[in-house]
Amino acid sequence: MSELYIYNSYTRQKEKFEPITPGHVGLYVCGPTVSGESHLGHARPYVTFDVVNRYLQHLGYKVRYVRNITDAGHFEEEGREAEDKVGKKALLEKLEPMELVHKYTSLFHWAMNRFNCIEPSIEPTATGHIIEQISMIEDIIAKGYAYEVNGSVYFDVKKYAASHDYGKLSGRVLDDLLETTRQLDGQDEKRDKADFALWKKAAPEHIMRWKSPWGVGFPGWHIECSAMSSKYLGERFDIHGGGMDLQFPHHESEIAQSTIAHGCAPVNYWMHNNMITINGKKMGKSYNNVIKLTELFSGDHPILEQAYHPMVIRFNILQSHYRSTLDFSNESLQASEKALKRLWEAYEALKGLTAPTGQEAGDAALDQKIRQAVAECADFMNDDLNTAKVLANLFDLAPVINSMKGGIIGTDAISAETFSLLSNAFKVYLEDIMGLQALQQANDEKLEAVMELVIQMRKEARNRKDFEASDKIRNMLASAGIMLKDEKGGEMSYTIQ
RNA sequence: GGUACCGUGGCCGAGAGGUUAGGCAGAGCUCUGCAAAAGCUUGUACAGCGGUUCGAAUCCGUUCGGUACCUCCA
């Protein structure tokens, strides 16, 4: 079996994954800022890294998955007044900041749940780690890489860059950063344009504020991840994930802070997912093209032609590689919906098949083909999580399964062992690793009993060639959203729309 | 302006120096009381122009187009 290789943004190449502590993996992913509702763009990293988490566990690693909640709120835009993002919105909505934070955190959890994302092992909040952040800042000041001005503390990037590889992660050259023509406010406080805030003095109207050695203020955005990741995963840990847009300045700053504070680079493997675009443009507030997750699930948005099930979105995300941009469209999602249904029905059919008992395959070529397709899935996952290819292979197997179900191919065409490999592959890849679920949740027993009765009645009608009655049953069910299908051999199955 | 990345058949989307990705849609056939599924068959794709090579969609150069980051951002 092949070994896991992941693309490390830091070195810009695929590298063999080797954990720091054998058998264990420390995984940190930048979580959401809970000052507003999550949108489609947010779905991508959390689904992507859910699969990373699931896959590592599948490989037998014990994973500590830490994903933060940014609830402290940092400055809106440096070009304007430094203001607390969370605090500002709260005033508009006449809510307490923590009330707002609570609301959007709950909504985020609800959405993650709908996406069938496994909960992180630890979900630390920025407001819950002010002390850790302050002490880390103190440490950086003590080491001479940060300075205080008027109650704010800035990281001295130039000094850091003199002896460290600043900009390597994001492929940036410090001189270029210094040349940026952008005129930013509050720059006069900084010694250098490239410096970033570790702690900001709070303006009087700033709601979220904490006491610190430098006066009342709030932490800079980047410091929270450094403080919390080192607290829970150690000063050096295995994987840090997040969206590509966080590479600079967020992750670059994290590296600089942590390197000074802890004397070593914080992360072995940096993983970044690409953006979701809509009509070719990144989805984001500033582009005014945001589709919230609640809108996506309900279909309540001018762009949306219909509601999309969370699993359809998850599947759609998994059909592309996480490092490629993914363009949203109704057409694409609708195609995914049909595809997922088809694949899932094949999976259900597979579960219903009677396993062959023979050691020998009736059709050696087919048997070999299945074994190869299944074996390749592991290689695809190991090749930087290529879920798209895994799905393609499973799709290749769907006709085989459907043919077995329809009796076109006997199950004895393949050996008992191959059948078991096949069954296992569908379960492991679809459910365990990709975290997919049936579009329709398990029906309740009473409905099932009623359906059994209806099916029985329709069978009887068909047996006496009373097609008027049998069609009526099917049509009425259809208008109630239940699709009845006649299977080969007189059996019937149904799906709920 | 700086720095990256991308441009694949009607649409989405993998791949990557020589062999069908896959999905959706379309066409034909089979099965079926009908329907829906399902099965089989089918598709002269890799932005343009040069170059390297026995061979390039895949490497190099260049042109055009697009995107992202440089500022909060998943």
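Predicted, not measured: the structure shown is a model, and the values here were computed from it. Naming: A, B, ... by sequence-line order, numbering from 1 per chain.
Sequence neighbours left out, the pairs with a member in residues 389-402 of chain A that pass side-chain hydrogen bond (donor to acceptor under 3.5 Å, both in side chains) are Glu376(A)-Asn393(A).
Side-chain N/O atoms of Ser324(A) include one lying less than 4.0 angstrom from OP1 or OP2 on rA14(B). Between rA74(B) and Thr33(A), a contact under 4.0 Å exists linking OP1 or OP2 to a side-chain N or O.
Here the C1' atom of nucleotide rC70(B) and the CG atom of Leu169(A) are 14 Å apart, to the nearest Å. rA25(B) atom C1' lies 15 Å from atom CD of Glu337(A), rounded to whole Å. A straight line from OH of Tyr347(A) to C1' of rG23(B) spans 20 Å, rounded to a whole angstrom. With rounding to whole Å, Gln372(A) atom CD is found 16 Å from rA21(B) atom P. For the pair Asn330(A) CG and rC24(B) P, the interatomic distance rounds to 18 Å; values are reported in whole Å. Atom pair Leu333(A):CG and rG13(B):P shows a separation of 11 Å (rounding to whole Å applied). Per the geometry, CG belonging to Asp379(A) stands 15 Å off C1' belonging to rA21(B), to the nearest Å. We find that NZ of Lys193(A) is positioned 13 Å from C1' of rG1(B), with the value rounded to whole Å.
Remark: side-chain polar atoms of Asn382(A) are paired, donor with acceptor, to backbone N or O of Ser2(A) under 3.5 angstrom. When atom types are taken as modelled, the side chain of Arg209(A) and the backbone of Ala203(A) share a donor-acceptor pair closer than 3.5 angstrom.
In this structure, His39(A) reaches the bases: a heavy-atom distance under 4.0 Å links it to at least one base atom across the strands shown. Contacts of Ala392(A) with the nucleic acid, taken as non-hydrogen atoms under 4.0 Å apart, include base atoms. Residue contacts for Gly41(A): at a heavy-atom cut-off of 4.0 Å it reaches a base atom on one of the strands shown. Within 4.0 Å (heavy atoms only), Leu343(A) reaches no atom of the nucleic acid at all. Using a 4.0 Å heavy-atom distance criterion, Asp327(A) is classed as a sugar-phosphate-only contact.
Taking atom P on both rA57(B) and rC46(B), the two are 8 Å apart, rounded to the nearest angstrom. Taking atom C1' on both rU53(B) and rU63(B), the two are 23 Å apart, rounded to the nearest angstrom.
Residues forming a side chain to side chain donor-acceptor pair (under 3.5 Å) with Lys485(A) (at least two apart in sequence, or on another chain): Glu345(A). When the side chain to side chain contact (heavy atoms under 4.5 Å, CB included) test is applied to Pro124(A), the partners found at least two apart in sequence or on another chain are Val66(A), Asn68(A), Ile122(A), His129(A), Met228(A), Tyr232(A). Residues forming a side chain to side chain contact (heavy atoms under 4.5 Å, CB included) with Ile118(A) (at least two apart in sequence, or on another chain): Asp50(A), Asn53(A), Arg54(A). In terms of the side chain to side chain contact (heavy atoms under 4.5 Å, CB included) criterion, residue partners of Ser152(A) (sequence neighbours excluded) are, by chain and number, Tyr154(A), Glu189(A), Lys200(A), Lys201(A).
Because its NZ or CZ atom is not both nearer than 6.0 Å to the ring centre of Tyr166(A) and within 45° of the ring axis, Arg172(A) does not count as a cation-pi partner of that residue.
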Nucleic acid footprint by protein, nucleotides 32-40 of chain B - heavy-atom cut-off 4.0 Å, B for base, S for sugar-phosphate alone = -BBBBSSSS
Please table the atom pairs, donor to acceptor, closer than 3.5 Å between any side-chain atom in residues 336-343 of chain A and protein atoms at least two apart or in another chain.
residue, atom, partner, partner atom, Å
Ser336(A), OG, Asn316(A), ND2, 2.8
Ser336(A), OG, Gln319(A), OE1, 2.8
Ser336(A), OG, Ser332(A), O, 3.2
Glu337(A), OE1, Gln306(A), NE2, 3.1

Which atom pairs, donor and acceptor, lie under 3.5 Å between side-chain atoms of residues 459-469 of chain A and protein residues at least two apart or in another chain?
residue, atom, partner, partner atom, Å
Lys459(A), NZ, Glu491(A), OE1, 3.3
Asn463(A), ND2, Lys459(A), O, 3.4
Asp466(A), OD1, Ala469(A), N, 3.2

Check nucleotides 26-28 of chain B against the protein and report each pair of N or O atoms closer than 3.5 Å, with its distance, or say if there are none.
none

Which pairs, protein N/O on one side and nucleotides 63-69 of chain B N/O on the other, fall under 3.5 Å?
residue, atom, partner, partner atom, Å
rU67(B), OP1, Lys281(A), NZ, 2.4
rA68(B), OP1, Lys282(A), N, 3.2
rA68(B), OP1, Tyr287(A), OH, 3.4
rC69(B), OP1, Lys282(A), NZ, 2.2
rC69(B), OP2, Tyr287(A), OH, 3.4
rC69(B), O2', Arg172(A), NH1, 3.1
rC69(B), O2', Arg172(A), NH2, 3.0

Decide yes or no on side-chain hydrogen bond (donor to acceptor under 3.5 Å, both in side chains) for His272(A) and Gln247(A), but give the supporting numbers first.
-> CA-CA 8 Å; His272(A) 292 95; Gln247(A) 244 178 28; 3.2 Å; yes
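Counted by atom type alone, Tyr347(A) and Glu431(A) present one or more donor-acceptor pairs between their side chains at under 3.5 Å.
Phe115(A) pairs with exactly one of Phe297(A), Tyr308(A), Phe49(A) by the ring-ring contact (aromatic ring centres under 6.0 Å, His included) rule, that one being Phe297(A).
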Dot-bracket for RNA chain B, 5' to 3', Watson-Crick and G-U pairs with both distances under 3.5 Å, [ ] for crossing pairs, | for partner on another strand, reads (((((((..(((.....[...))).(((((.......)))))....(((((..]....))))))))))))....
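Between Lys158(A) and Asp195(A) there is no salt bridge, since none of the side-chain N atoms of the basic residue sits less than 4.0 Å from a carboxylate O of the acidic one. Lys405(A) has a carboxylate O that lies under 4.0 Å from a charged side-chain N of Glu487(A), or vice versa, which qualifies the two as a salt bridge. Ion pairing between a basic and an acidic side chain is recognised when a charged N comes within 4.0 Å of a carboxylate O; Lys14(A) and Asp384(A) show no such pairing.
Residues from residues 312-322 of chain A placing a heavy atom under 4.0 Å of any atom in RNA chain B, listed by number, are Gln319(A), Ser320(A), His321(A).
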